[in-house]
Amino acid sequence: MDKKMDLFQPPYPRYSPQNKESFAYTTLIKRWPSILTNIISTLSNETHKLHSSHDVNSEEKLEEGKKMIEKLALLIYEMGHGGELTPLENDHEPNISCYNDELSLWSPLQRKWTHANWLFAECYLYRRIRQVFSLTRHWRSFDPFFYQKEDTYRSSLGAIVHLAQALNSMVERTDLQVGYGSAGSPLEMAFLEMIQSDLWGNATDLSLLVDLKYEDLKQLQAVGAKAQAEQAKLILRNDLPKVWEHLKTLRGARVDVVLDNAGFELYTDLILADFLVSCTPFVNEVVFHPKSIPWFVSDVVPFDFTWAIDILLDESFFSTASPPPTPTELESLAVLATRWKGHLASGAFKLSVPLDTPLGGDTPTGGFWTTQYAYQDMPLVAPKLVEELGKSGLVIFKGDLNYRKLIGDAAWPPTTPFDTALGPLAGTMNLVSLRTNKADTICGLDEGVAEKVEAQDKDWRVSGKYAVISFSPKRIS
Ligand code: F6P
Ligand code: MG
């Protein structure tokens, strides 16, 4: 079967940088060059260290580093000077033919960076960056974005401590579940606080920090009921009441989280997961799905997952934060991390791939997340994954890119029902998307909402300030 023939075609065009008003265009001319330049700068620092290294491989590694810098610089040049997306070389890692097969169907004009469909081009870019590393001997396990992930985690200490203390005290309470079925119950309120923290955790992804200052981080990391009530006004579609009603029907179920960013966002994912497992009767197991290669700067790879938990037990890590944590705060982080390690040991928390999967490692279903495919095509190109996720009580899709893929990054009229935009994926699983808006595509809004917010804030689709929470239930077939 030629699967390409059967891929879902949204009835509206997908975004591309051809439209100079679109975020795709800003990304092409500003964000991608800046992201690539940051990688060059990281590599340049790393190679500099090699001059004083006594490692027997340092000369070879240095030479490879130099070639990698040249390749990345050429890529920046091509993007800005009418270049094309060229076929990927075979680096013996997954997801080469999916990109090359699609590219081979395009005209030379469609293959230009300035004309290519944005979703494809951006996924291709991160696969292409991976190739710069995977084709080397000494750099294939190097994550060029790790230092950035580490820095933002450290600078999120205030929100990290707040959430640790809030959750630890919920876990200790014996009365939290009393009367949980009634409207406004303590358990419902606690759930809303935890899931909204998880939503706003997505506002702080590092690919956007190209435009955002660190000082803005704190404001975006809304924690506490009061801050969240304020932030809730910015949720343009809010299906949380439906999600809560659905959760209450579950007993000892599995929840899956299709992860987005490492650091603080991952921390909020773990907080929500721990809340569901430790404080409710609904969920016994949470499966986290990471990316297999460095992706969209800050996305979680397997190493980031264990690191984020282990580092909470390393008192020196946050000591350079400003202000540094108090002993009581450190203790609350240790209690939390110890509980999470217990969840990993008992199987209440699981990574969908082995914890020690190396970058670029091949796993049965884990590679799908770093293909270019819209999730509307998941039933066709990854049926086993759909079958697996269909067994889950709830699949939480985190972040902007997952949302773009769920609805194919198309220019849907904003009032299009979410289920319509999901195409063939709708009904195959219970899914909720928690997304802060960082790209033009959007659907599921009530009549008049888009016009109203557009009149107040021209950047509402892309600034990360607004959000949508969209739920789609599984249909029993
Ligand atoms: O570069 C485009 C983009 O996909 C934006 O949509 C978004 O800003 C970012 O990259 C990824 O966001 P997230 O980490 O929320 O998926
Ligand atoms: Mg991301």
Side-chain angles (χ1 to χ4, degrees), residues 6-28 102 110 115-123 199 202 234-240 242-243 258 260 296 371-381 386 395-473 475:
D6 297 318
L7 293 182
F8 178 75
Q9 293 305 326
Y12 299 93
R14 299 188 203 271
Y15 283 94
S16 110
Q18 270 178 284
N19 173 359
K20 296 203 168 152
E21 300 296 308
S22 70
F23 197 52
Y25 181 71
T26 314
T27 298
L28 170 72
E102 185 156 351
Q110 286 173 315
H115 286 67
N117 126 24
W118 183 37
L119 178 61
F120 180 96
E122 200 160 29
C123 295
L199 165 72
N202 176 247
L234 305 174
I235 304 175
L236 302 176
R237 175 190 178 89
N238 191 344
D239 283 345
L240 280 184
K242 288 186 194 160
V243 176
V258 181
D260 186 3
F296 284 69
T371 65
Q372 81 280 20
Y373 294 117
Y375 298 160
Q376 297 147 331
D377 295 317
M378 210 192 290
L380 186 71
V381 298
V386 173
V395 185
I396 304 176
F397 285 88
K398 289 299 312 291
D400 191 77
L401 176 65
N402 276 326
Y403 184 84
R404 286 173 64 198
K405 285 189 159 188
L406 280 166
I407 66 169
D409 207 32
W412 298 98
T415 51
T416 309
F418 185 51
D419 266 17
T420 306
L422 288 175
L425 190 70
T428 60
M429 61 187 79
N430 293 300
L431 75 90
V432 63
S433 154
L434 304 180
R435 177 242 189 168
T436 62
N437 305 356
K438 303 179 214 160
D440 295 281
T441 194
I442 193 149
C443 69
L445 302 189
D446 285 343
E447 206 64 61
V449 171
E451 292 75 8
K452 193 171 158 214
V453 67
E454 175 84 34
Q456 290 162 359
D457 184 347
K458 286 263 168 287
D459 283 340
W460 68 279
R461 286 176 186 256
V462 301
S463 61
K465 188 173 150 197
Y466 294 87
V468 280
I469 299 178
S470 313
F471 175 67
S472 169
R475 286 191 291 262

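Note that the structure is predicted; figures quoted are calculated from it, not measured. Sequential numbering from 1 along the given sequence is applied to the chain's residues.
A donor-acceptor contact shorter than 3.5 Å is absent between the side chain of Asp260 and the backbone of Leu401. A donor-acceptor pair is defined here as one N or O able to donate and one able to accept, closer than 3.5 Å; no such pair exists between the side chain of Glu447 and the backbone of Thr415. The main-chain N or O of Gly408 is found under 3.5 Å from a side-chain atom of Arg14 such that the two form a donor-acceptor pair. A distance-only check finds no donor-acceptor pair linking the side chain of Gln372 to the backbone of Leu119 [under 3.5 Å]. Between the side chain of Arg404 and the backbone N or O of Lys438 there is no donor-acceptor pair closer than 3.5 Å. Listed for the Lys242 side chain is no donor-acceptor partner under 3.5 Å among the backbone atoms of Pro473.
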Next on the checklist: Apply side-chain hydrogen bond (donor to acceptor under 3.5 Å, both in side chains) to residues Thr441 and Asp409 and explain how you reach the verdict.
Outcome noted: CA-CA 6 Å; Thr441 194; Asp409 207 32; 4.7 Å; no
Item to check | Intermediate values then yes/no, side-chain hydrogen bond (donor to acceptor under 3.5 Å, both in side chains), Tyr403 and Asn437 | outcome: CA-CA 9 Å; Tyr403 184 84; Asn437 305 356; over 6 Å; no
Item to check | From CA spacing to verdict: side-chain contact (heavy atoms from CB on, under 4.5 Å), Ile235, Ile469 | outcome: CA-CA 7 Å; Ile235 304 175; Ile469 299 178; 4.1 Å; yes
Next on the checklist: Applying side-chain contact (heavy atoms from CB on, under 4.5 Å) to Phe418 and Leu431, what does each step give before you reach the verdict?
Outcome noted: CA-CA 11 Å; Phe418 185 51; Leu431 75 90; 3.8 Å; yes
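Two residues are said to be in side-chain contact when any heavy atoms from C-beta on lie closer than 4.5 Å; Leu434 and Asn202 fail this criterion. Counting only heavy atoms from C-beta outward, the side chains of Tyr15 and Phe23 never approach each other to under 4.5 Å. You'll find the side chain of Trp118 stays beyond 4.5 Å of the side chain of Leu28, heavy atoms only. Using a 4.5 Å heavy-atom threshold, the side chains of Ile442 and Thr416 count as separate.
Contact record, Thr428 with Leu425: OG1-O, 2.7 Å, taken as the closest heavy-atom pair. Closest of all the heavy-atom pairs between Val395 and Val258 is CG1-CG2, 3.9 Å. The nearest pair of heavy atoms linking Ser16 to His115 is OG-O, 3.7 Å. Between Arg237 and Ser470, the shortest heavy-atom contact is CD-OG, 4.0 Å. Contact record, Asp400 with Thr436: OD1-O, 3.4 Å, taken as the closest heavy-atom pair. Heavy-atom minimum distance, Pro17 versus Ser22: CA-OG, 4.3 Å.
Note that NZ of Lys465 is 4.5 Å distant from CG of Asp457, once rounded to the nearest 0.5 Å. If you take CG on Leu422 and OG on Ser472, they are separated by 5.0 Å, rounding to the nearest 0.5 Å. Atom CG in Leu7 sits 4.5 Å away from atom CG in Asp377 (nearest 0.5 Å).
Taking the side-chain contact (heavy atoms from CB on, under 4.5 Å) definition, one finds that Thr371 meets it with Asn95, Cys98, Phe368, Tyr373, sequence neighbours left out. Partners of Trp412 under the ring-ring contact (aromatic ring centres under 6.0 Å, His included) rule, at least two apart in sequence or in another chain, are Tyr12.
Contacts classified as ring-ring contact (aromatic ring centres under 6.0 Å, His included) and involving residues 442-471 (residues at least two apart or in different chains) are given here: His246-Phe471.
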